[in-house]
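Some notes on the structure that comes next.
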Amino acid sequence: MSLGSAARPSRSINPGPRSGVVTAAAPVKPPGFDKIAAGQDMPKEYSSYMPDWDKKRRAGVILHPTSLPGPYGIGELGQEAKNFVDWLDSAGMQCWQMLPLVPPDPMFYSPYSGTDANSGNPLIISIDELIKDGLLDFSDAPKKVPVGNVDFPAVAASKTPVLSKAAQNLLKVDRFSKLREEMQAFRKANKWVEESAVFDVARNLPDLADKAWWDWPEPLRFRKSDALKKFKEEHKSAIEEYIALQFLFDRQWKAVRAYANSKGIKIIGDMPIYVGGHSADVWSNQKLFELGPTGAPANVSGVPPDAFSATGQLWGSPLYKWSEHRAQRFDWWVQRMGRALQLYDETRIDHFRGFAGYWAVDGKAETAMNGSWKKGPGIDLFNALKKALGGVPILAEDLGVITADVVALREAIGAPGMVVLQFAWGGGPTNVHLPHNHYENCFVYPGTHDNETTVGWFHGSSSEEDKRYIRQYLRTDGKDIAWDFIGAAMQSVARTSIFMMQDVMRLDNKARMNVPGVAANNWLWRMGDGEVWGRLKKEAEDLRRLAGFSNRLPP
């Protein structure tokens, strides 16, 4: 799936002139060139036919919307999101990468195990934009709180009643009839929202809130038609409120995306290969997953033991029943990718290697040690996507245990991979993450949201041998290591260079976004108050300078 043309939109997923493999364009031949015999005269304009060496290079920043400034305890899809876009534009950046926008899991608030793969997180709906639309009064706004890390339970407690009032105004107040028409058009065009609404209402009922859906009463658990009909009738108001909030999220997000695109900035979203077990996705599509007789996951996802974990990582998401997906022509994936196209310009797929081969663990296991490798759907899935959608521009997260079949699949669809500078300093000079081993069709990162900040890593878990290698390789004393890595990423042959905002700000591990394998106290970091853009003016100037030196400025 092509990212090479992402700055120039394309839907091709096959390698070729519009694929993610970006090389110098072949010289344009003068008319009749092939008929000119050796030794004969060339046309007078022959010397003007030159190759195009523009590699479409670019750079950008990872920042999840929850980390933006804002007065209500969490970043929102309002003016501060547009202020960030303006800052990116001033810095010469062309990409804004983020984490999944889905409603996060209600216990640890991870966006990678959300309750619905298609819905948006209502907690980042902008209160101020709702006030501008007249759906709320100024007096309805939640109490403003000092800027700090996100306290998700507190944000949910303060914003949920306010969002509910806005949704009810949309549904009932006469002057919003035109907006209701837009909402009905959204509802008609996005059939998934009906199931999403039913699931969300059910999981929040007092007698079901502490249960996974496979512990619900059987008629609702197994979606008996009479039980579903009765449930929808009894909870019609709550279901419509959920759909109204999804419409408002969609409307606000698309306004932010349109603003970014107007500045020449592409939105790079994120899609976990797996979906949460306790989700609308699994509950409403039970035949597509490996479930036991009660509905609980029979086999779950994870990765095997490695140098970082003696017991592997047990993720716990139910595995796909790929035979059923194939029988249905991968329709579920077509719908999911279609939704990604609505939200993003490009999409990173987390754990891309699972499409080639995946680690399967018994659903009752307590660790991932005793699993086995299973074959994934391979190229057939991407052929189905191409047939239905014309292709989806994706970025393949291909970190970890990457076998030859994973590389072959990624190259077959023309998708760029990933290299991470924090991984570069062990294993000798053939390490693919070292800058001299980078390749054009990839994204290079100093570190990602799953890593320590570069400052935190260099002064913490990196070894003395790592530090010596870095100082010699990058010819640095390491005193400004975050920007040493940013500079190295800019100079890489990788077409796209992306930095965490924490690295741009030279922050230590107090600003770390996620610690893989640790459930609690992640996803909390915020970048500061609304004055932060002024404080980051010099960093924007420095990024633009580096982007200019390395041919990464926009055209």
Measuring from atom NZ of Lys375 to atom CH2 of Trp322, what distance do you get when rounded to the nearest 0.5 angstrom? 13.0 Å
Determine whether Asn514 and Pro516 make a side-chain contact, defined as any pair of heavy atoms from C-beta on separated by less than 4.5 Å. yes
Gln97 side, atom CD; Ile498 side, atom CD1 - distance, nearest 0.5 Å: 5.5 Å
Using a distance-only test with no angle check, is there a side-chain donor-acceptor pair under 3.5 angstrom linking Arg58 and Thr496? yes
Taking C-beta and beyond as the side chain, do Trp525 and Asn149 meet within less than 4.5 Å on heavy atoms? yes
Answer yes or no on whether Arg223 is positioned over the face of Trp283, meaning its NZ or CZ is under 6.0 Å from the six-membered ring centre and within 45° of the axis. yes
Within the structure provided, determine whether Leu220 and Trp213 are in side-chain contact (heavy-atom separation under 4.5 Å). no
Measuring only between side-chain heavy atoms, which start at C-beta, is Leu77 closer than 4.5 Å to Ile125? no
A quick test of your reading: do over 12 heavy atoms of other residues, nucleotides or ligands sit less than 6.0 Å from NZ of Lys387? no
Identify each donor-acceptor pair in which a side-chain atom of residues 390-406 lies under 3.5 Å from a protein atom, sequence neighbours left out, and give them as a table.
residue: Glu397; atom: OE1; partner: His351; partner atom: N; Å: 2.7
residue: Glu397; atom: OE2; partner: Leu399; partner atom: N; Å: 2.8
residue: Asp398; atom: OD1; partner: Met418; partner atom: N; Å: 2.9
residue: Asp398; atom: OD2; partner: Arg410; partner atom: NE; Å: 3.4
residue: Thr403; atom: OG1; partner: Arg353; partner atom: NH2; Å: 2.9
residue: Thr403; atom: OG1; partner: Asp405; partner atom: OD1; Å: 2.4

Identify, with sequence neighbours excluded, every residue that meets salt bridge (charged side-chain N to carboxylate O under 4.0 Å, His left out) alongside Glu452. none
Measuring only between side-chain heavy atoms, which start at C-beta, is Trp523 closer than 4.5 Å to His64? no
Do the non-hydrogen side-chain atoms of Asn118 and Gln335 ever get within less than 4.5 Å of each other? yes
Does a side-chain heavy-atom distance below 4.5 Å link His459 with Asp508? no
Distance flag, aromatic centroids of Phe499 and Tyr445, threshold under 6.0 Å: no
What do the steps show when you test Asn509 against Thr453 for side-chain contact (heavy atoms from CB on, under 4.5 Å), and what is the final call? CA-CA 6 Å; Asn509 279 342; Thr453 68; 3.4 Å; yes
Would you please say whether a donor-acceptor pair under 3.5 Å links the side chains of Asn370 and Asp362? no
Within the 3.5 Å criterion, strictly below it, is a donor on Ser119 or Tyr242 matched to an acceptor on the partner's side chain? yes
Step through it carefully: locate the ring centre of Phe355, locate the ring centre of Phe382, and say whether they are under 6.0 Å apart. yes
CZ of Phe352 to CG of Leu409, rounded to nearest 0.5 Å, is 4.0 Å
Any heavy-atom pair between the side chains of Val150 and Tyr109 that's under 4.5 Å? no
Keeping the roles fixed (side chain from Ser113, backbone from Asp105), state whether a donor-acceptor pair exists under 3.5 Å. no
Less than 6.0 angstrom separating the ring centers of Tyr320 and Trp332, yes or no? yes
Close aromatic pair by centroid cut-off 6.0 Å: Trp425 and Phe458: no
Here's a test for you: under side chain to side chain contact (heavy atoms under 4.5 Å, CB included), which of Leu101, Asp270, Ile268 qualifies with Tyr344? Leu101
Can you confirm whether Arg471 is buried at CZ, in the sense that more than 12 heavy atoms of other residues, nucleotides or ligands lie under 6.0 Å from that atom? yes
Can a salt bridge be assigned to the pair Asp200 and Arg203 using a cut-off of 4.0 Å between side-chain N and carboxylate O? yes
So, Asn190 versus Gln342: side-chain donor-acceptor pair below 3.5 Å or not? yes
Mark yes when over 12 heavy atoms from residues, nucleotides or ligands other than Asn521 sit less than 6.0 Å from its CG; otherwise mark no. no
